[in-house]
Amino acid sequence: MAFVSLFFIFLLWPVWIVMIALAFLLPWLGMALTTVAAILLACNAGFLALLLFIRAKWKATGRMDKGYISGFDGWKRYGLLSVKVLLTAGVIWEAVVVLVCALLLIFQPWNAILR
């Protein structure tokens with residue numbers, strides 16, 4: 001178990017360095033973390049809207065139905081299945097990211113940390 005923890009620590013060390021650098025640089029540069037969260041919220045909300053639009057159009061044409069996908073064999077069937085799964089997972093992921101950014105803007109937990 002300790003090996004797995006050490007493996008992930010060493011595997012993810014660039015992420016830790018970037019996070020630490022951002023934690024020190026953003027306040028020093030005078031850039032508010034609320035601005036960053038607001039920009040991320042706007043970008044991810046736009047991408048979520050785009051994914052929902054694509055998914056709705058694709059579903060309206062009937063390409064998400066089991067009958068339509070089952071009509072194909074081989075790589076095309078697996079491609080349609082993967083697009084169906086990726087569109088659904090993408091919508092869920094973007095909804096979670098938008099929710100987290102909105103919660104960060106509402107509660108602003110970094111104000112207690114930075115002061």
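These numbers come from the heavy atoms of this one structure, side chains and all, not from hydrogens, waters or symmetry mates. Keep in mind that this is a model prediction, so the values were computed, not measured.
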**Report entry** Results of ring pair (Phe, Tyr, Trp, His ring centres under 6.0 Å) for F72 - residues two or more places apart only
**Finding:** Y68
Query - Closest non-hydrogen atom pair between C101 and A37, with its separation - result: CB-O, 4.1 Å
Report task. Supply the atom-to-atom distance L99 CG to L48 CG, rounded to the nearest 0.5 angstrom. Result -> 11.0 Å
Report task. Kindly say whether G67 contributes a backbone atom to a donor-acceptor pair with the side chain of S70 at under 3.5 angstrom? Result -> no
Requested in this report: Nearest 0.5 Å please: distance from the CZ atom of R77 over to the OG atom of S82.
Outcome: 12.0 Å
Report summary line: Here the gap from L81 atom CG to I69 atom CD1, rounded to the nearest 0.5 Å, amounts to 5.0 Å
Report task. Identify whether L50 and L41 are in the same connected component of the hydrophobic contact network (ILVMFWY, side-chain heavy atoms under 4.5 Å). Result -> yes
Query - Non-hydrogen side-chain atoms of W58 and V83 separated by less than 4.5 Å - result: yes
Report summary line: In this structure, CZ of R55 is separated from CG of L52 (nearest 0.5 Å) by 8.0 Å
**Report entry** 4.5 Å side-chain heavy-atom contact, V91 and L87
**Finding:** no
Query raised in the report: If you round to the nearest 0.5 Å, how far is CG of L80 from CG of D65?
Result: 11.5 Å
Query raised in the report: Who else is in the cluster with V97 when I, L, V, M, F, W and Y are joined by side-chain contacts under 4.5 Å?
Result: W93
Query - Side-chain donor or acceptor of K59 paired with backbone N/O of M64 under 3.5 Å - result: no
Report summary line: Between the CG atom in L51 and the CG atom in L86, the distance rounded to the nearest 0.5 Å is 10.5 Å
Query raised in the report: Can you get from L105 to V98 by hopping between Ile, Leu, Val, Met, Phe, Trp and Tyr side chains that sit under 4.5 Å apart?
Result: yes
